[in-house]
Amino acid sequence: MRDLYIYNSLSSKKEKFVPNQQGHVGMYVCGPTVYSNVHVGNVRTFMSFDMVYRYLLHLGYKVRYVRNITDAGHLENDADDGEDRIAKKAHLEKIEPMEVVQRYTVDFHNTLNRFNFLTPSIEPTATGHIIEQIEIIKQILEKGFAYEVNGSVYFDVLKYNQENNYGELSGRKIEDLIHNTRTLDGQSDKKNPQDFALWKRADPQHIMRWPSPWGIGFPGWHLECTAMSTKYLGKNFDIHGGGMDLKFPHHECEIAQAEICNGNSPVNTWMHANMLTLNGQKMAKSTGNFILPNDFFTGESKHLSKSFSAGCVRFFILQAHYRSVLDFSNDALLASEKGYNKLMESIRILETLNSSLKTSDFNIEAWKESCYNAMNDDFNSPILIAELFSVVKFINQVKDGTSTVSKEDLDLITSTLNIFVFDVLGLQNMNQGANQYKEKLKDTVELLIKMRAEARINKDFELSDKIRIQLDEIGIQLKDSKDGTIFKID
RNA sequence: GGUCUCGUGGCCGAGUGGCUAGGCAGUGGUCUGCAAAACCAUCUACAUCAGUUCGAAUCUGAUCGAGACCUCCA
């Protein structure tokens with residue numbers, strides 16, 4: 001099998017992926033701050049890494065996939081009086097911060113489950129790692145790269161930059177940062193605006209508070225990822241992922257903290273998933289320009305003309321490369337839905353195909369290789385999907401009798417499609433989950449098909465059309481072919 | 001204002017110095033009692049201008065336009 005190449009944000013190049021430990025991969029992905037429902041943009045990022053995780057697993061790697069839950073420390077802004085997002089929500093709703101965390105963590109998991117996500121190996125929380133975070137702050141203070149002011153501790157970015165390169169990931173120069181930093185009110189505690197908080201003093205009214213050597217307070221946002229990635233994946237690990245918008249300053253700060261604390265660059269391959277836009281603008285909670293996953297299922301949104309299945313949405317998202325901006329629109333989703341249904345339908349047809357002695361001009365081995373080549377080239381799911389459609393066409397040709405397939409190749413198509421459609425892309429198999437009702441429904445529809453066929457033989461087209469049209473209205477579509485009639489349920 | 005990315009046919013989206021992904025929509029055909037589905041064929045492209053090259057949508061420069069980050073954000 002060929003090598004896997006991944007685009008590394010740190011070098012801005014596609015690089016051959018070689019894990020630290022042969023056969024094992026450590027991957028950390030920045031998870032959500034659980035202060036509100038995840039929107040579709042959030043889902044896209046996590047889906048990108050779900051696909052990465054799935055493909056690495058398929059390649060046979062033992063992957064430790066860590067995706068955190070931020071349940072403390074994420075401030076509204078960087079000013080001294082910046083409010084913790086969770087605490088703010090708790091104030092507003094007059095409930096405990098941990099009730100906020102619980103509510104939206106559950107929502108997060110429910111949403112991802114509907115989109116058929118695999119569960120990460122570890123899903124640690126910031127509040128569960130306060131001790132580890134305090135230990136890191138101590139080390140950074142000891143090494144002289146942080147300073148304490150009024151019960152808060154800040155990372156000294158300018159000092160760090162003397163020996164290291166702050167901005168190496170996002171391609172920024174410290175001089176530009178200094179020059180361009182907007183002055184915010186209430187930043188008096190910091191020596192420089194570029195410095196970032198490792199620990200913040202908690203005001204008496206601040207409800208999220210922990211004791212520390214510097215007084216009662218709470219950890220800074222960037223710190224949790226360093227603490228948890230180091231704890232579970234080590235001082236140097238293979239892949240760190242997150243949304244493009246976290247590249248600066250969040251990931252830059254993570255690198256700085258780890259460099260000082262551990263003495264080396266923490267991550268070999270940085271991966272950044274691009275934004276999902278709506279009306280050409282980034283989907284963001286703060287601007288109100290977003291749609292929630294549930295809107296797809298109900299269809300009740302000004303942006304949607306109808307409801308869409310989770311599988312269809314998943315297909316829509318994976319039809320774009322994870323590093324490209326994807327613009328969401330109802331029309332694009334409608335087009336994807338048709339393509340998705342066509343793909344799924346062909347998988348169903350595949351089960352009914354008869355093999356013959358040999359396969360006519362379709363090279364299954366070469367096709368399979370093309371699928372792997374697509375994924376090995378920086379997880380190019382759109383190319384993979386294009387390849388899948390080439391076999392969809394072939395399947396339909398065999399069904400129509402214009403092509404033939406050998407038993408061996410039929411098995412190879414089936415196994416390869418199962419790998420890429422279900423294991424790698426994570427598209428749900430609508431054939432699965434069969435139950436007694438489904439079986440009975442099938443028998444019922446087949447009875448109607450038989451009745452319609454009889455009506456057609458008797459040229460009673462009024463009755464035959466009535467059966468077909470009324471079934472269609474229910475959402476059951478009949479498809480005639482030379483070999484008889486099959487049906488499809490939307 | 002600074003840094004970066006992008007601008008592909010009716011829509012969405014790959015790709016790349018010569019061999020014109022794919023899906024959806026359109027058109028013609030096969031099939032059908034009529035349809036639908038499927039299959040076959042087919043039409044729309046590479047923002048603009050200039051340069052490099054035997055050859056550029058792909059490289060370079062300029063222009064215009066869009067977006068991301070610089071402040072919380074997946």
Side-chain angles (χ1 to χ4, degrees), chain A residues 12 29-33 35 38-49 74-79 82-83 85 167 170-173 175-177 179-182 184 193-194 221 241-250 272-277 280-287 290 315-316 319-321 323-343 345-346 349 370 374 377 380-390 392-393 395-397 399-403 456 459-461 464-465 468-469 472 477-482 485-486 488:
Chain A
S12 303
V29 171
C30 289
T33 301
Y35 71 104
V38 282
H39 64 248
V40 183
N42 304 123
V43 171
R44 184 197 182 190
T45 295
F46 301 126
M47 192 180 287
S48 298
F49 292 105
H74 200 161
L75 303 186
E76 286 273 295
N77 58 58
D78 205 25
E83 255 190 296
R85 289 171 174 275
S170 53
R172 274 157 225 271
K173 292 191 178 71
E175 305 86 66
D176 294 339
L177 288 172
H179 186 254
N180 288 312
T181 301
R182 296 178 210 173
L184 294 166
Q194 294 72 40
W221 174 42
M244 196 77 98
D245 48 356
L246 297 185
K247 205 171 181 182
F248 186 90
H250 184 58
H272 290 96
N274 218 323
M275 300 292 99
L276 182 65
T277 60
Q281 299 287 130
K282 175 182 165 183
M283 229 179 246
K285 288 168 193 167
S286 54
T287 56
F290 64 87
F315 181 80
F316 165 74
Q319 249 186 328
H321 186 83
R323 282 193 291 116
S324 297
V325 174
L326 172 61
D327 190 53
F328 172 85
S329 72
N330 190 64
D331 284 349
L333 201 53
L334 282 169
S336 280
E337 184 180 47
K338 292 200 173 179
Y340 173 67
N341 287 340
K342 186 173 170 179
L343 176 63
E345 184 61 14
S346 80
I349 289 167
S370 302
D377 184 14
N380 200 325
S381 56
I383 296 277
L384 170 63
I385 288 171
E387 292 296 341
L388 296 180
F389 276 105
S390 72
V392 165
K393 194 172 190 173
I395 289 168
N396 284 321
Q397 285 171 343
K399 184 198 74 177
D400 286 1
T402 56
S403 285
R456 290 173 73 198
K459 302 228 185 285
D460 184 358
F461 297 123
S464 69
D465 285 355
R468 185 183 71 206
I469 290 161
D472 188 57
Q477 202 177 19
L478 300 188
K479 298 182 184 184
D480 294 335
S481 75
K482 285 184 191 122
T485 302
I486 54 170
K488 181 184 143 195

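Labels below follow one simple rule: chain letters A, B, ... track the order of the sequence lines, proteins then strands, and each chain is numbered from 1. Everything quoted here is computed from the prediction, not taken from an experiment.
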- Note on the structure: In Watson-Crick or G-U wobble terms, with both distances under 3.5 Å, the base opposite B/G17 is none

- Message: Quiz question: by atom type and distance under 3.5 Å, do the side chains of A/Ser336 and A/Gln319 form a donor-acceptor pair?
- Response: yes

- Message: I'd like the P distance from B/A66 over to B/U53, given in whole Å.
- Response: 34 Å

- Query: In whole Å, what is the span from the CG atom of A/Asn330 to the C1' atom of B/C24?
  - Reply: 13 Å

- Could you let me know what B/G10 is paired to, Watson-Crick or G-U wobble, both distances under 3.5 Å, or none if it's on its own? B/C24

- Of the nucleotides B/G67, B/C34, B/A74, which has the atom closest to the A/Asp465 side chain? B/C34

- Item | Distance under 6.0 Å and angle within 45° of ring axis: A/Arg456 vs A/Phe461 | no

List every contact pair, protein side and nucleotides 2-12 of chain B side both N or O, where the distance is under 3.5 Å.
residue	atom	partner	partner atom	Å
B/G2	O2'	A/Asn180	ND2	3.4

- A/Asp377 CG - B/A21 P separation (whole Å): 17 Å

- So what does A/Phe389 hit on the nucleic acid, given a heavy-atom distance under 4.0 Å: a base, only sugar-phosphate, or nothing? sugar-phosphate

- Determine the interatomic distance between C1' on B/A35 and the same-named atom on B/U30; round to the nearest Å. 15 Å

- At under 4.0 Å between heavy atoms, what does A/Arg468 touch on the DNA or RNA strands: base, sugar-phosphate, or nothing? base

- So what does A/Glu387 touch, heavy atoms closer than 4.0 Å: a base, only the sugar-phosphate, or nothing? nothing

- A/His321 NE2 to B/A14 C1', in whole Å, measures 10 Å

- Message: Whole angstroms only, please: what is the CD1-P distance between A/Ile349 and B/A36?
- Response: 17 Å

- Nearest-angstrom distance from the residue atom NZ of A/Lys459 to P of B/C34: 10 Å

- Message: Ring centres within less than 5.5 Å and planes less than 30° apart: is that true of A/Phe461 and B/G33 in this structure?
- Response: yes

- Under 4.0 angstrom, heavy atoms only, what part of the nucleic acid is A/Lys488 near: base, sugar-phosphate, or nothing? nothing

- Which part of the nucleic acid, if any, lies within contact of A/Lys393, taking any heavy atom under 4.0 Å across all strands shown: a base, the sugar-phosphate backbone alone, or nothing? sugar-phosphate

- Note on the structure: Of B/C70, B/C34, B/A38, the nucleotide closest to the side chain of A/Lys399 is B/A38

- Using purine N1 to pyrimidine N3 plus N6-O4 or O6-N4 for Watson-Crick, or N1-O2 and O6-N3 for G-U wobble, both under 3.5 Å, which nucleotide pairs with B/G33? none

- Pair assignment for B/U60, Watson-Crick or G-U wobble, requiring both distances under 3.5 Å: B/A50

- Query: Under 4.0 angstrom, heavy atoms only, what part of the nucleic acid is A/Ser464 near: base, sugar-phosphate, or nothing?
  - Reply: base

- Quick one: sort the A/Phe389 and A/Phe315 rings into parallel, tilted or perpendicular, breaks at 30° and 60°. perpendicular

- Message: Under 6.0 Å from the ring centre and within 45 degrees of the ring axis: does the NZ or CZ of A/Lys282 meet both conditions for the six-membered ring of A/Phe290?
- Response: no

- Item | Heavy-atom closest pair, residues A/Ala320 and A/Ser381 | O-OG, 3.7 Å

- Task: Check the distance between B/C70's C1' and A/Lys282's NZ and give it to me in whole angstrom.
- Result: 12 Å

- Query: In terms of the nearest nucleotide of RNA chain B, which residue is placed more toward the 5' end: A/Lys285 or A/Lys479?
  - Reply: A/Lys479

- 5'-most by nearest nucleotide on RNA chain B - A/Phe315 or A/Val392: A/Phe315

- Task: Can you establish whether the number of heavy atoms outside A/Lys479 located under 6.0 Å from its atom NZ is more than 12?
- Result: yes

- Query: Counting any heavy atom closer than 4.0 Å, what does A/Asp480 reach on the DNA or RNA strands: base, sugar-phosphate only, or nothing?
  - Reply: base

- Item | Nucleotide opposite B/G67 in a Watson-Crick or G-U pair, distances under 3.5 Å | B/C4

- Query: Looking across every strand, which nucleic acid part, if any, lies under 4.0 Å from A/Met244 by heavy atom: base, sugar-phosphate, or nothing?
  - Reply: nothing

- Do the side-chain N or O atoms of A/Lys338 get closer than 4.0 angstrom to the phosphate oxygens (OP1, OP2) of B/A25? yes

- How would you label the contact of A/Ala320 with the nucleic acid (heavy atoms, under 4.0 Å): base, sugar-phosphate, or nothing? sugar-phosphate

- Taking a pair as Watson-Crick or G-U wobble with both distances under 3.5 Å, which nucleotide is matched to B/U44? none

- Query: Could A/Asp400 and A/Lys393 be called an ion pair, given the rule that one side-chain N must be under 4.0 Å from one carboxylate O?
  - Reply: no

- Task: Confirm from the modelled atom types if A/Asn380 and B/G15 form a donor-acceptor pair under 3.5 Å, side chain to base only.
- Result: no

- Length of the line joining A/Gln477:CD and B/A38:C1', which is rounded to integer Å: 12 Å

- Task: Have a look at A/His39 and say if it touches a base, only the backbone sugar-phosphate, or nothing, with a 4.0 Å heavy-atom cut-off.
- Result: base

- Task: Walk me through it: do A/Met283 and A/Thr277 pass the test side chain to side chain contact (heavy atoms under 4.5 Å, CB included)?
- Result: CA-CA 5 Å; A/Met283 229 179 246; A/Thr277 60; over 6 Å; no

- Between the side chains of A/Asp480 and A/Thr485, is a donor N or O closer than 3.5 angstrom to an acceptor N or O? yes

